[in-house]
Amino acid sequence: MAGRDILSEMRSQANLSDTNRRLNRWEQGCTHSLEYLRLSRLLNNKLEECKALQSLGDVYLSRDTQPGCYPPEVADSLTLSLVPFEESVTLARQLSANQLLGRALGNLGYACYLLGRFGEALVYQQERVSVAVQEGDKVVLNVSHTNLANSSIYTGDTERALEHYRQSVTLSADL
């Protein structure tokens with residue numbers, strides 16, 4: 001293994017995963033994400049491990065993007081996305097990596113939303129709002145309020161949904 005550049009190999013695996021995911025080649029995307037995760041753990045690089053977990057979750061999550069009834073393979077893929085996103089949340093907290101934490105919370109909330117688990121989606125998205133406020137990230141804050149509104153509609157809390165949509169409109173004017 002002399003001369004092997006594992007960091008570059010990890011980046012390549014991440015790029016291959018992302019490209020395959022975007023081309024709807026989920027199996028290949030998953031293979032590359034898992035290799036990225038393996039390499040990050042081999043180096044004991046927690047920051048890259050957190051990113052690899054996000055990559056794997058993104059592949060699982062990308063099978064479909066609209067809430068509703070799914071074929072079993074899509075529902076299974078959405079459910080599988082929860083595990084790496086949950087692990088990424090834990091790791092990002094340990095690393096105090098707020099940007100990664102916000103991304104993981106947002107993806108976890110979105111996966112719950114797609115699975116029809118709207119109460120859980122609200123919890124994750126609300127925590128994402130807290131992270132975005134801490135980071136001063138108005139773009140993420142805007143998206144988070146929209147996601148909170150969408151989930152609130154499905155829980156029947158239209159007043160809460162309207163409030164989040166109003167906050168999103170206000171934030172959009174400042175972007």
Side-chain angles (χ1 to χ4, degrees), residues 10-11 13-15 17-22 26 29 33 36-37 40 45-68 77-175:
M10 283 190 306
R11 289 184 191 104
Q13 291 294 341
N15 289 333
S17 175
D18 188 53
T19 300
N20 279 292
R21 176 182 58 84
R22 292 172 190 267
W26 298 288
S33 288
Y36 179 22
L37 183 60
S40 67
N45 185 325
K46 297 298 183 184
L47 188 60
E48 290 297 326
E49 181 180 351
C50 191
K51 291 176 184 178
L53 288 163
Q54 285 289 319
S55 176
L56 182 59
D58 285 344
V59 172
Y60 290 137
L61 188 61
S62 69
R63 292 292 298 251
D64 205 336
T65 57
Q66 299 297 319
S77 185
L78 290 172
T79 302
L80 285 171
S81 76
L82 298 176
V83 175
F85 288 145
E86 288 167 346
E87 288 181 35
S88 185
V89 165
T90 300
L91 197 51
R93 282 191 175 119
Q94 290 170 358
L95 297 169
S96 297
N98 276 351
Q99 284 188 325
L100 288 173
L101 176 60
R103 181 174 176 219
L105 289 166
N107 285 333
L108 197 49
Y110 188 58
C112 287
Y113 170 79
L114 292 175
L115 286 165
R117 294 159 62 172
F118 303 113
E120 289 175 72
L122 287 168
V123 170
Y124 293 123
Q125 291 298 341
Q126 189 58 53
E127 189 173 352
R128 186 181 191 203
V129 164
S130 298
V131 171
V133 167
Q134 287 174 1
E135 293 294 307
D137 191 334
K138 289 183 179 182
V139 173
V140 170
L141 190 57
N142 184 26
V143 170
S144 298
H145 279 296
T146 299
N147 291 342
L148 281 164
N150 293 342
S151 290
S152 294
I153 287 171
Y154 283 100
T155 64
D157 192 348
T158 54
E159 288 304 314
R160 186 175 182 187
L162 287 171
E163 180 55 35
H164 285 296
Y165 282 136
R166 284 185 196 107
Q167 288 177 318
S168 181
V169 166
T170 301
L171 285 164
S172 294
D174 290 338
L175 298 178

If you count every heavy atom of other residues, nucleotides or ligands that lies below 6.0 Å from Q134 atom CD, does the total exceed 12? yes
After noting the C-alpha distance and the side-chain angles of C112 and L82, does the key distance pass the side chain to side chain contact (heavy atoms under 4.5 Å, CB included) rule? CA-CA 8 Å; C112 287; L82 298 176; 4.1 Å; yes
Shortest non-hydrogen contact between [X] and [Y], atoms and distance:
X	Y	result
S152	H164	OG-CD2, 4.2 Å
S144	V129	CB-CG2, 3.5 Å
Y36	S55	CD2-CB, 4.2 Å
Y124	L105	CB-O, 3.6 Å
S40	A52	OG-CB, 4.2 Å
R21	D58	CD-O, 3.3 Å

Determine, stepwise, if the pair E49 / L91 fulfils side chain to side chain contact (heavy atoms under 4.5 Å, CB included). CA-CA 8 Å; E49 181 180 351; L91 197 51; 3.7 Å; yes
Is a side-chain N or O of S88 found less than 3.5 angstrom from the main chain of F85, in a donor-acceptor match? no
Measure from the side-chain N and O atoms of T19 to the backbone N and O of N15, and report whether any donor-acceptor pair falls under 3.5 Å. yes
Only one of T155, L122, I153 passes side-chain contact (heavy atoms from CB on, under 4.5 Å) with R160, and that residue is L122
Side chains of [X] and [Y]: closer than 4.5 Å at any heavy-atom pair?
X	Y	value
W26	S77	no
K138	D174	yes
Q94	K46	no
R128	N147	yes

For salt bridge (Lys or Arg N to Asp or Glu O under 4.0 Å), just list the numbers for K51 and E48, CA-CA rounded to whole Å, side-chain angles, deciding distance to a tenth of an Å, and then say yes or no. CA-CA 5 Å; K51 291 176 184 178; E48 290 297 326; 3.7 Å; yes
Can you check side chain to side chain contact (heavy atoms under 4.5 Å, CB included) on D157 and E159, steps first, answer last? CA-CA 6 Å; D157 192 348; E159 288 304 314; 4.1 Å; yes
Judged by modelled atom types alone, do S172 and N142 share a side-chain donor-acceptor pair under 3.5 Å? yes
Which word best sums up how the rings of Y154 and Y113 line up, parallel for under 30°, tilted for 30 to 60°, or perpendicular for over 60°? perpendicular
